[in-house]
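Please read all numbers here as calculations on a predicted model, not as lab measurements.
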Amino acid sequence: MQGQPAHTQHQAQGLQRMFSGHAASLVSVLAGPSAPDSQAFMLSLAAGLSARGQRVCLVETMPGKLSDSLGCRPLMPWQPGRTLDERKINAGGFGLLHAPGCMAGDSAFADAAASSRNCDCVLFDGGRFSTTEVALEPATAQTLVLLLGERDAEAGYA
């Protein structure tokens, strides 16, 4: 929001700046134990980025969650060593990759996204986290979005 005073800029400005570059950005979305499922948030974020001209690729790590929301069913899961385009299907104006069991921010996806010329942003649906466990690749440079419910302060802090 150029030209506006700092107090009128919105809280997602950092995300907006991050997605304005040319390299594919990795974003992992995880929901706390009492938060709503992340699918609605993922689809809204993907729609907003697509409306701004970003080519978005959704990674479904929880079998059937995003594909059901988009009304499709991927037949083949993505595998390390493959390009993003080999197993990507077009659904809801986005690319969708089915990767059940994959950790959010998976390094193989990071490598594939770095070499892809058809994707600006990779959004991982990382499922739920708890105070003791999270399915997240810690060594990958990524933006982490935590969706918290009313009782998730302890889990979010952990």
Side-chain angles (χ1 to χ4, degrees), residues 12-130 132-149 152 155-156:
Q13 183 179 356
L15 286 173
Q16 220 172 19
R17 266 196 310 270
M18 182 181 64
F19 295 135
S20 64
H22 294 293
S25 299
L26 301 177
V27 178
S28 294
V29 178
L30 295 121
S34 70
D37 281 340
S38 57
Q39 287 76 35
F41 178 83
M42 294 277 298
L43 294 174
S44 294
L45 180 57
L49 291 169
S50 292
R52 293 182 166 271
Q54 298 287 310
R55 296 167 297 173
V56 177
C57 190
L58 299 172
V59 179
E60 177 179 55
T61 64
M62 307 303 294
K65 294 285 190 170
L66 283 171
S67 55
D68 286 348
S69 296
L70 293 168
C72 64
R73 178 67 61 197
L75 298 175
M76 302 289 287
W78 182 82
Q79 299 167 347
R82 302 272 186 177
T83 67
L84 295 184
D85 294 329
E86 286 183 71
R87 299 285 169 94
K88 181 174 70 174
I89 63 171
N90 292 320
F94 323 112
L96 177 65
L97 287 161
H98 182 62
C102 177
M103 287 196 302
D106 184 273
S107 59
F109 266 98
D111 293 342
S115 63
S116 176
R117 299 193 186 280
N118 296 321
C119 182
D120 297 313
C121 180
V122 179
L123 296 177
F124 287 92
D125 183 9
R128 293 202 176 274
F129 66 92
S130 69
T132 59
E133 185 175 58
V134 62
L136 178 70
E137 174 68 48
T140 303
Q142 61 188 299
T143 298
L144 179 60
V145 177
L146 300 177
L147 305 176
L148 301 175
D152 290 339

Looking only at heavy atoms, the pair that brings C121 and V27 closest together is SG-CG2, 4.2 Å
V134 and F129 have their tightest heavy-atom pair at CG2-CB, 3.7 Å
CG of N90 to SG of C72, rounded to nearest 0.5 Å, is 10.0 Å
One should read off an interatomic distance between E137 CD and M103 CE, to the nearest 0.5 angstrom, of 4.0 Å
Contacts of D37 meeting side-chain hydrogen bond (donor to acceptor under 3.5 Å, both in side chains) (sequence neighbours excluded), chain-then-number -> R128
To the nearest 0.5 Å, atom CG of L43 lies from atom CG of L58 at 6.5 Å
Taken to the nearest 0.5 Å, the spacing of L97 CG from C57 SG works out to 4.0 Å
The reported gap from CG in D125 to OG in S28 (rounded to nearest 0.5 angstrom) is 9.5 Å
Check: L66 main-chain N/O paired with E60 side-chain donor or acceptor under 3.5 Å:
yes
Nearest heavy-atom approach of S38 to V29 is CB-CG1, 3.9 Å
Shortest non-hydrogen pair, S50 vs V56, comes out as OG-CG2, 3.8 Å
Heavy atoms of G105 and T140 approach each other most closely as O-OG1, 2.6 Å
Sorted by chain and number, sequence neighbours left out, side chain to side chain contact (heavy atoms under 4.5 Å, CB included) with A108 holds for W78, P80, D106
Handout entry: Intermediate values then yes/no, side chain to side chain contact (heavy atoms under 4.5 Å, CB included), V59 and L123
Key = CA-CA 6 Å; V59 179; L123 296 177; over 6 Å; no
Interatomic distance, CG@L136 vs CD@Q142, rounded to 0.5 Å, equals 5.0 Å
Shortest non-hydrogen pair, L30 vs A135, comes out as CD2-O, 4.3 Å
